[in-house]
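Note sheet for the following structure.
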Number of protein chains: 2
Amino acid sequence: MNLKNQVEWALHCCSVMASLPEGRYLSTRSLSEFHGVPKEYLGKALQGLSKAGLVHTTLGPSGGYRLARPAQAITFLEVVEAVEGRKSTFQCSEIRANNPCRPKSLCDDKPCAVARIMWRADEAWRQTLAAVTLADLQETLQEDVPADLLKRSFDWLMERAG
Amino acid sequence: MNLKNQVEWALHCCSVMASLPEGRYLSTRSLSEFHGVPKEYLGKALQGLSKAGLVHTTLGPSGGYRLARPAQAITFLEVVEAVEGRKSTFQCSEIRANNPCRPKSLCDDKPCAVARIMWRADEAWRQTLAAVTLADLQETLQEDVPADLLKRSFDWLMERAG
DNA sequence: TCAATCTAGGATATCGAATGTCCATGATTG
DNA sequence: CAATCATGGACATTCGATATCCTAGATTGA
Ligand code: SF4
Ligand code: SF4
């Protein structure tokens, strides 16, 4: 039960893009170098964000990605699901149907109690992530990260932004 | 991001054991036949429950497993973690350390904001599961499952219980 | 006593998803 | 027109989940 590494990468990329000035773009190359992750593989995650409509892209030199919406309008849940997909942690394989005492004619009108409970926990997980936006993250990072590191990182990215 | 199949099996086994009369035991063989899952592999999950102290075991003919505690004293979270382990869904690989602007001397006194948010969601998931006991499950099953199926299943298991 | 049955657990094989690389295509820029 | 970009398909690799088999040691019941 673990999320893909790409989820972590995507969240950090979104965090970086949240502080990108209006109209600028960051390429896969720049984002991968900044985070020290393989360019081609990171590209897959960014394409996921693109297909989910969370980022806007342009082609050609000086092209790349930027957020499609303001940071306070994008939740963690959206980013996570864009990369990881929407399937629940608990997969029901209907083993109750294997019960040797069970009549063939019996039809299950609803998912069994075990699955309902597990899915409720997944829902709580999703709600927690849906309550946090990229803007919230930016705010926390302002407190966590030393100001001069933020400044140098910003400059580093600006040199490469299209 | 998905739980092992063994989690589903273990929960169903616990559900069955919750209705087992005092002093009786169910063998891996019986449990695997009842649920239609491979005996040897189910055994691994049951050994997980055993090491976590959730079930009590006896050896020899008429041996097997029973709950080590009353059903209202065993939570879903305990069963899930006994089989699945305790690691969080989000694994932090410290990619912030790869930031090219970052001074070598900078030390991270706490996990980064992204990880803290993701772990908060995991915590909500765990709290939800910790709030449900096997006794709660039994109650729901009484409503869900036709009485005659419950009765036949109980008899089937009693024939095989040691 | 002894054969049968059980759990515990190590060794190994198989499968599919996660991870990572490479390349072709078409669009855009300067 | 050459360089750079996103997209996406085709792989190769790695790793954990799934599954099987076998041995050791304990217990039961005949
Ligand atoms: S959880 Fe319920 S529905 Fe899912 S397999 Fe088990 S019995 Fe079937
Ligand atoms: S989430 Fe934070 S701590 Fe974890 S890898 Fe990303 S930056 Fe590092």
Side-chain angles (χ1 to χ4, degrees), chain A residues 1-10 13 17 23-33 35-66 68 80 82-85 87 89-91 93 95 160-162, chain B residues 1-10 13 17 23-33 35-66 68 80 82-85 87 89-91 93 95 160-162:
Chain A
M1 182 184 69
N2 39 357
L3 296 172
K4 297 189 233 191
N5 244 323
Q6 287 174 319
V7 168
E8 180 189 357
W9 303 351
C13 287
M17 284 188 282
R24 311 290 297 274
Y25 290 83
L26 283 171
S27 68
T28 304
R29 166 183 300 279
S30 303
L31 288 168
S32 73
E33 284 176 5
H35 291 118
V37 300
K39 169 179 165 308
E40 307 282 353
Y41 195 32
L42 175 63
K44 306 292 183 186
L46 295 173
Q47 285 169 35
L49 297 180
S50 178
K51 276 199 288 192
L54 299 179
V55 298
H56 181 253
T57 80
T58 55
L59 294 178
S62 83
Y65 299 88
R66 66 167 169 81
V80 169
V83 173
E84 182 71 31
K87 66 181 180 338
T89 62
F90 183 83
Q91 300 292 354
S93 60
I95 63 174
R160 291 158 179 84
Chain B
M1 181 184 72
N2 40 356
L3 297 172
K4 296 189 236 193
N5 240 324
Q6 286 174 319
V7 169
E8 180 189 355
W9 303 351
C13 287
M17 284 188 283
R24 311 290 298 273
Y25 289 82
L26 282 171
S27 67
T28 304
R29 165 183 301 278
S30 303
L31 288 168
S32 72
E33 285 177 3
H35 292 119
V37 299
K39 169 178 164 310
E40 307 282 354
Y41 194 32
L42 174 63
K44 306 292 184 186
L46 295 173
Q47 285 169 33
L49 297 180
S50 178
K51 275 199 290 191
L54 299 178
V55 297
H56 181 254
T57 80
T58 55
L59 295 177
S62 84
Y65 299 88
R66 66 167 170 80
V80 169
V83 173
E84 182 71 30
K87 66 180 175 349
T89 63
F90 183 83
Q91 301 292 354
S93 59
I95 63 175
R160 291 158 180 84

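Reminder, nothing fancy here: chain letters follow the sequence lines and each chain counts from 1.
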Check: A:Leu46 main-chain N/O paired with A:Gln6 side-chain donor or acceptor under 3.5 Å: no
Grab the [atom1]-[atom2] distance between [X] and [N] for me, whole Å please.
X       : N      : atom1 : atom2 : answer
A:Ile95 : D:dT18 : CD1   : P     : 13 Å
B:Lys4  : C:dG16 : NZ    : P     : 19 Å
A:Trp9  : C:dA18 : CH2   : P     : 13 Å
A:Leu26 : D:dT4  : CG    : P     : 17 Å
B:His56 : C:dT7  : NE2   : P     : 13 Å
B:Arg24 : D:dT28 : CZ    : C1'   : 15 Å
B:Leu31 : C:dC6  : CG    : P     : 12 Å
A:Met17 : D:dA6  : CE    : P     : 11 Å

By side-chain hydrogen bond (donor to acceptor under 3.5 Å, both in side chains) - contacts of B:Ser27 (at least two apart):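 side-chain hydrogen bond (donor to acceptor under 3.5 Å, both in side chains) check on B:Ser27 returns B:Ser30.
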Per-pair distances, 0.1 Å, donor-acceptor, side chain in residues 50-62 of chain B, under 3.5 Å, sequence neighbours excluded:
{"from": "B:His56", "atom 1": "ND1", "to": "B:Tyr25", "atom 2": "OH", "distance (Å)": "3.0"}
{"from": "B:His56", "atom 1": "ND1", "to": "B:Arg66", "atom 2": "NH2", "distance (Å)": "3.4"}

Least distance between heavy atoms, A:Thr28 atom then A:Lys39 atom: CG2-O, 3.4 Å
Least distance between heavy atoms, A:Val83 atom then A:Ala45 atom: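 Nearest heavy atoms, A:Val83 then A:Ala45: CG2-O, 4.1 Å.
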Residues that B:Glu33 engages under salt bridge (charged side-chain N to carboxylate O under 4.0 Å, His left out), provided they are two or more places apart: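 B:Glu33: salt bridge (charged side-chain N to carboxylate O under 4.0 Å, His left out) contacts with B:Arg29.
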If you look at every strand shown and take non-hydrogen atoms under 4.0 Å, does B:Tyr25 touch a base, only sugar-phosphate, or nothing?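 No contact.
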Under 4.0 angstrom, heavy atoms only, what part of the nucleic acid is A:Gly162 near: base, sugar-phosphate, or nothing? nothing
Going by heavy atoms in the side chains, are B:Phe90 and A:Glu8 under 4.5 Å from each other?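 Side-chain contact under 4.5 Å: yes.
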Is there a side-chain contact between B:Cys13 and B:Leu42 (heavy atoms, below 4.5 Å)?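 Yes, side chains in contact.
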Base versus backbone protein contacts along nucleotides 25-30 of chain C [heavy-atom cut-off under 4.0 Å; B, S, -]: --SBB-
Counting only heavy atoms and a strict 4.0 angstrom limit, can you tell me which residues of residues 35-50 of chain A come near DNA chain C?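 Contacting residues: A:Pro38, A:Glu40, A:Tyr41, A:Lys44.
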Quick check on C:dT7: is either OP1 or OP2 less than 4.0 Å from any side-chain nitrogen or oxygen of B:Thr28?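 Yes.
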Would you say A:Arg29 reaches D:dC5's phosphate, i.e. side-chain N/O to OP1/OP2 under 4.0 Å?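 For A:Arg29, the contact criterion (side-chain N or O under 4.0 Å from OP1 or OP2 of D:dC5) is met.
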How would you list, by chain and number, every residue that makes a side-chain contact (heavy atoms from CB on, under 4.5 Å) with A:Gln47, sequence neighbours excluded? A:Tyr65
